[in-house]
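FYI, side chains are in, hydrogens and waters are out, and symmetry mates aren't considered; it's all heavy atoms of this structure. Along the sequence shown, residues carry numbers from 1.
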Amino acid sequence: MTTNTAHAQWQGDLKDGKGEVSLGNGAFKGQYSFKSRFEDGNGTNPEELVAAAHAACFSMAFSNELAKAGFTPTSIKTTAEVTLGKNDTGFAITQITLNTDGVVPGISEAKFHELGLAAKNGCPISKALAAVENITLNATLQKEAA
């Protein structure tokens, strides 16, 4: 199996500090700050990076579930919405919504949703985020382009 790395550095206090995060393979490098996490500042934040990881992982897992069932997707597009909220123990990811659109020739709506749920439950990032109280899936089967 593979081991992946990412690096983060933070300088200063929480409110006025700043940080930089990068992927170990060099594919991404970005700034983050209190404002980019809790307000509307420039840069990324940890929850946005979790959203990217979850959207990518789910799309791959869904493609795999479809292939195992004999369907070849033309396209799987997923947007993950990660909500950071405050609960009785402090800040936590309280909700993740996966919104996916798929173009899959020859599949029924029911089978599409069944395999989407299997992918959501089997996706390694979903499993890693099992402490999140609510991970929902909104899956839309699109018509093929003419």
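- Between Leu49 and Phe28 the shortest side-chain heavy-atom distance falls below 4.5 Å.
- At a threshold of 4.5 Å between non-hydrogen side-chain atoms, the residues Thr100 and Ile76 count as touching.
- Minimum heavy-atom separation, Gln31 to Gly19: OE1-O, 3.2 Å.
- Thr140 and Gln142 share no side-chain donor-acceptor pair at under 3.5 Å.
- When all heavy atoms of Phe34 and Glu39 are compared, the pair lying nearest together is CE2-OE2, 3.6 Å.
- In this structure, the side chains of Asn134 and Thr94 stay at 4.5 Å or more apart for every pair of heavy atoms.
- Grouping the Ile, Leu, Val, Met, Phe, Trp and Tyr side chains by contacts below 4.5 angstrom, directly or via other members, places Phe58 with Leu141.
- Looking only at side-chain heavy atoms (C-beta outward), Phe71 and Lys111 come within less than 4.5 Å of each other.
- We find the CD-OG distance between Glu114 and Ser108 to be 8.0 Å, quoted to the nearest 0.5 Å.
- With hydrogens and angles ignored, the 3.5 Å screen pairs a side-chain donor or acceptor of Ser59 with a backbone N or O of Ala55.
- Under the side-chain hydrogen bond (donor to acceptor under 3.5 Å, both in side chains) test applied with Asn99, the options Thr79, Thr136, Thr78, Asn138 reduce to a single match, Asn138.
- Minimum heavy-atom separation, Glu48 to Gly43: OE1-O, 4.2 Å.
- When side chains are defined from C-beta on, Leu84 counts as touching Arg37, because their heavy atoms get closer than 4.5 Å.
- Using a 4.5 Å heavy-atom cutoff, the side chains of Val104 and Thr74 are not in contact.
- Of all heavy-atom pairs spanning Leu98 and Lys120, the tightest one is CD1-CG, 4.1 Å.
- Atom-to-atom distance recorded for Leu115:CG and Ser63:OG is 11.0 Å, nearest 0.5 angstrom.
- Clustering ILVMFWY residues whenever any of their side-chain heavy atoms sit less than 4.5 angstrom apart, transitively, puts Phe91 in a cluster other than the one holding Ile93.
- When side chains are defined from C-beta on, Leu66 counts as touching Ile107, because their heavy atoms get closer than 4.5 Å.
- The two residues Ile135 and Ser126 have their closest heavy-atom pair at CD1-O, 4.3 Å.
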For a side chain to side chain contact (heavy atoms under 4.5 Å, CB included) check, start with the C-alpha distance between His54 and Ile96, then their side-chain angles and the critical distance, and finish with the verdict.
CA-CA 9 Å; His54 205 176; Ile96 298 174; 3.5 Å; yes

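- Residues His7 and Val21 form no side-chain contact, since every pair of their non-hydrogen atoms from C-beta on lies 4.5 Å or further apart.
- When the side chains of ILVMFWY residues are joined at heavy-atom separations under 4.5 Å, either directly or via intervening members, Leu23 and Trp10 end up in a single hydrophobic cluster.
- Side-chain N or O atoms of Asn64 include none that pairs as donor or acceptor with a backbone N or O of Met60 at under 3.5 Å.
- Shown here for Gly122 and Lys127, the closest heavy-atom pair between the two residues is O-CE, 3.5 Å.
- At least one donor-acceptor pair closer than 3.5 Å links the side chain of Ser36 to the backbone N or O of Ser33.
- Atom NE2 of His113 sits about 8.0 Å away from atom CG of Leu137, to the nearest 0.5 Å.
- A centroid separation of less than 6.0 Å is found between the aromatic rings of Phe62 and Phe112.
- Open room surrounds CG on Asn42; 12 or fewer heavy atoms of other groups in view lie less than 6.0 Å from it.
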